[in-house]
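Chain identifiers are assigned alphabetically (A, B, ...) following the order of the sequence lines, protein sequences preceding nucleic acid strands; residue numbering begins at 1 within each chain.
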There are 2 protein chains.
Amino acid sequence: MTVTIKDIAKAANVSYSTVSKALNDSPLVKPETKRMIVEKANELGYTPNFSAKHLVTRRTNTIGLVWPTIERVALSALVTRVNQHITNSGRTMILSINHALEAVELFSRMRIDGILLFEEEIPQDKLPNNIGIPLLSYGVPAIEQFPTVGVQHELAMELAVKEFVEIGHQSIAYAGVINGTGRRQQAKQIGYEEAMRKRGLKSQRIDTRGLDACDADSAIERLLTEPTLPTAIICSSYDIAIGTLRALRRNGIQVPNDLSLISYDNIPQLAEADVPLTAVGVPIDKLAKELVETLLALIEGEQAATGRKLTPELVRRNSTKPRA
Amino acid sequence: MTVTIKDIAKAANVSYSTVSKALNDSPLVKPETKRMIVEKANELGYTPNFSAKHLVTRRTNTIGLVWPTIERVALSALVTRVNQHITNSGRTMILSINHALEAVELFSRMRIDGILLFEEEIPQDKLPNNIGIPLLSYGVPAIEQFPTVGVQHELAMELAVKEFVEIGHQSIAYAGVINGTGRRQQAKQIGYEEAMRKRGLKSQRIDTRGLDACDADSAIERLLTEPTLPTAIICSSYDIAIGTLRALRRNGIQVPNDLSLISYDNIPQLAEADVPLTAVGVPIDKLAKELVETLLALIEGEQAATGRKLTPELVRRNSTKPRA
DNA sequence: TTGAAAGCGCTAACAG
DNA sequence: CTGTTAGCGCTTTCAA
C-alpha cells in the first residue's frame with residue numbers, strides 16, 4: 001500500500017485536512033505543525049497522488065506534446081526547447097509518439113491543461129472536434145479548426161531564392177518531398193515555385209520522396225545522372241541538407257565552389273555541418289517560445305494570438321557563393 | 001463544463017452507475033439499454049476521465065519512458081520500437097524528456113503502471129529508493145537498486161575486435177567517449193580494452209568527448225594530424241560511426257579500402273550509411289521486446305527476469321576489408 | 001437488470 | 001490555527 005495523507009495524519013496526530021494544508025504550504029497551519037508534518041511525510045516516503053489532486057483541483061500543470069515522428073533532427077531540437085520553456089513556466093511536459101489521433105485522445109482523457117500538436121499529415125478535421133482542452137497546432141492548418149502557430153514558409157523560400165538570385169544564380173533547384181501530403185512541406189514547395197515564377201525562372205524539383213537524410217542522398221544520386229546540374233539548391237530541411245551535402249561530397253562536387261546550398265530550418269546544428277550551412281527559417285528558440293506562450297495564453301482563457309505566422313530569417317554561413 | 005457520466009445518466013434516464021457499467025460493456029446491462037446509453041454518450045461528446053477512473057481502479061494501463069536525451073539516432077529507433085510493443089500490449093506509453101530525477105518523480109506521482117528508464121549518467125542511488133511502482137532500467141546498473149535489462153557490451157567489443165583480428169588487423173582503435181561517466185559508454189570501452197589486452201594488442205583510444213556525429217567528426221580530424229593511423233576503428237555508436245565516416249571521407253580516406261570500420265549498435269539505419277556499416281550489437285527489436293516484456297512481468301508482480309544481459313550479434317556489411 | 005451508496009486520495013469551504 | 005465535511009468522476013459491492 002502506498003502512503004496517503006491519512007497515514008501521515010495518523011502518524012502526526014492531526015486531521016488529514018491539516019496535513020493537506022501543511023503539505024501545500026498553506027499559511028493556515030502553524031509553522032511548527034507544518035514542519036512536523038512535512039517531516040513525517042518524508043519519513044513515510046509520501047508521494048502525492050496526481051490523479052486525486054487533479055480530480056479536485058482540475059489543474060494538472062501538465063502539457064502534452066503530440067509528436068509522432070521522433071526521428072527528425074530539426075524537430076528534436078524544437079521539442080527540447082519547448083520542454084525548457086514549459087519547465088520554466090512551472091509546468092511539466094509529457095509526450096506521446098503515438099498516432100496523433102490516439103495521442104490527442106489520451107491527453108484528452110487525462111484532462112491535462114493543454115495539447116501541443118506537432119503533426120502535419122492528418123487533416124485536422126479527422127481529430128475530435130470537441131476535445132475539451134486547448135490544443136495548439138504547429139505548422140500549417142488544413143482548416144481553421146484549431147489555433148495554429150505557423151511559419152511564413154513562403155517568405156522563407158522567397159528569402160532563399162532572393163539570396164541566390166542576388167548573387168547571380170539562375171538555375172536554382174528545390175530538394176524536398178514534391179507534391180506530398182505534409183502541409184509544411186507543401187507550403188515550402190509552393191513558396192519556392194512562386195518565388196521562381198515571379199522572377200521568370202524555371203523551377204527545378206528534386207523529389208526526395210522522404211524526409212530522412214538518406215532520402216535526400218538517393219535523390220541527389222539520381223540527379224547526378226542528368227546531363228546538367230543546377231548551380232544552387234534549396235533544401236527543404238536540415239536532414240535533407242545533410243543528405244544532399246553527403247551525396248555531393250561523395251561525388252566530388254564541392255559546396256560552395258561547384259554548387260551553392262541553402263537549407264530551410266534555423267537550428268544551431270546547421271553551423272556544425274561539414275560545410276556550415278546558410279539557412280533560412282524562424283530561429284528555433286523564437287518558435288519554441290511563441291508556441292509555449294500562445295498555448296499558455298489559450299489555457300488562461302485568452303482567445304487571442306491565434307493563427308500567427310512567424311517570420312523566417314536568413315542566416316548566412318559558408319554554403320553559398322556568387323555565380324561567376 | 002465537460003460531460004460526465006451523470007450527464008449521460010440524466011439524458012438517458014438511468015442511474016449513473018448503470019451508465020458506468022454500460023460504458024464498460026458490462027454483461028450486467030441489457031444490450032438495448034447499453035446501446036442507448038452509448039449513443040447518448042457519443043451525442044454528448046463524452047470523454048472518460050482518466051484520473052477519476054484511475055483513482056478507483058488503481059490501474060492506468062500506462063507506462064512512462066524516461067528519456068532525457070532525444071537527439072540520438074540509435075535511441076530514437078529503440079524508443080519507437082518500445083512504443084510499438086507497449087501499444088501492442090494494449091497499453092499506452094508516455095514519455096518525459098526531463099532530467100531523470102524529475103521524470104521519475106512525475107511518473108511516480110502519476111501512479112502509472114511502470115517506468116522504463118533510459119538514462120545512464122546519473123547514479124541510480126540518486127533516485128528515490130521507494131518510488132512505489134516498478135521501474136526497469138536499460139543499460140548498465142551502477143548498483144543493483146533497480147532491475148535492469150542490459151547488453152553484454154564487453155562481448156560486443158570482443159566480437160568486433162575478434163572480427164578485425166581474424167581478417168588481419170592489428171592496429172585497431174576505439175572511437176568513443178573515453179573515461180566518461182556514461183555507464184554504457186564505459187562498458188564498451190572496457191570491453192574493447194580487455195579484448196585487445198588479451199590478444200597482446202595495444203589499445204588506441206580516440207576520444208570523441210561527446211556522443212554526437214560532429215563530436216566524432218572533430219575527433220577524427222584531430223586523429224588525422226598524427227603521423228600514423230590505425231587500420232581499423234571500432235565506433236562506439238551509430239552517431240559516432242556516421243561522424244567518423246564523414247571525417248574520413250572529407251579527408252580522402254576510403255572505407256573500407258584505406259581503413260575498416262565496425263560500429264556498435266544494431267539498427268537498420270546502419271545499412272543505409274554512405275558505406276553500409278558492419279556492426280555489432282543486440283538487434284533493436286529484440287532489445288525493445290525484452291524491455292517491454294520484462295517490465296510487464298514486473299508489473300504483474302513477477303520478480304524474475306531481472307539483471308538480464310542480452311547477447312550482441314555481428315552483422316557483416318561493407319565497411320571492413322582484410323588487411324593485406 | 002437496475003439503482004443506491006460507499007469510497008479511491010485529495011482540496012476547499014466552513015465551523016469550531 | 002485545526003478539524004469536519006462535502007464533493008471531484010468514477011467503479012464496485014450490495015440491495016432491490
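The listed nucleotides are D:dG9, D:dT11, C:dG3; the one nearest the side chain of B:Y16 is D:dT11. Listed candidates were D:dG9, C:dC10, D:dG3. Nearest to the side chain of A:S15 is D:dG3. Considering only side-chain atoms of B:T18, the nucleotide from D:dT4, D:dC10, C:dG3 that sits closest is C:dG3.
Other residues, nucleotides and ligands contribute at most 12 non-hydrogen atoms within 6.0 Å of the CD atom of B:E39.
Residues from residues 26-51 of chain B lying near DNA chain C, meaning a heavy-atom separation below 4.0 Å, are B:L28, B:V29, B:K30, B:T33 in numerical order.
Going from atom NE2 of B:H54 over to atom P of D:dT12 covers 14 Å, rounded to whole Å. The separation between B:L23 atom CG and D:dC10 atom P is 9 Å, rounded to whole Å. Residue A:K10 contributes atom NZ, which lies 16 Å from atom C1' of D:dG3 at whole-angstrom precision. Between the C1' atom of D:dT11 and the NZ atom of B:K6 lies a distance of 13 Å, rounded to the nearest Å. Distance A:I5 CD1 to D:dT5 C1': 13 Å, rounded to the nearest Å. Going from atom CE of A:M110 over to atom P of D:dC10 covers 15 Å, rounded to whole Å. Rounding to whole angstrom units, CZ of residue A:R59 and P of C:dC10 are separated by 20 Å. As a whole-Å value, the separation of A:L55 CG from D:dC8 C1' is 4 Å.
Checked by distance alone, B:S17 brings a side-chain donor or acceptor within 3.5 Å of a matching partner on the base of C:dA4.
Between C:dC10 and A:S20, no contact under 4.0 Å exists linking OP1 or OP2 to a side-chain N or O. Between A:R111 and D:dG9 there is no side-chain polar atom (N or O) within less than 4.0 angstrom of OP1 or OP2.
Residue-to-nucleotide proximity on DNA chain D shows that, of A:N13 and B:V19, the 5′-proximal contact is made by A:N13. When each of A:K21 and B:T57 is assigned the nucleotide of DNA chain C with its nearest heavy atom, B:T57 is the one assigned upstream, toward the 5' end.
Looking at A:R109 and A:E102, no side-chain N of the basic residue comes within less than 4.0 Å of a carboxylate O on the acidic one, giving no salt bridge.
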Side chain to side chain contact (heavy atoms under 4.5 Å, CB included) between B:L117 and B:L136, worked out: CA-CA 6 Å; B:L117 181 65; B:L136 178 66; over 6 Å; no
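The shortest side-chain heavy-atom distance between B:F118 and B:V82 falls under the 4.5 Å cut-off.
Judged by distance alone, the side chains of A:S89 and A:R91 do bring a donor and an acceptor atom under 3.5 Å apart. For the residue pair A:S17 / A:S20, no side-chain donor-acceptor distance below 3.5 Å is found, with atom types taken as modelled. Counted by atom type alone, A:D113 and A:T60 present one or more donor-acceptor pairs between their side chains at under 3.5 Å.
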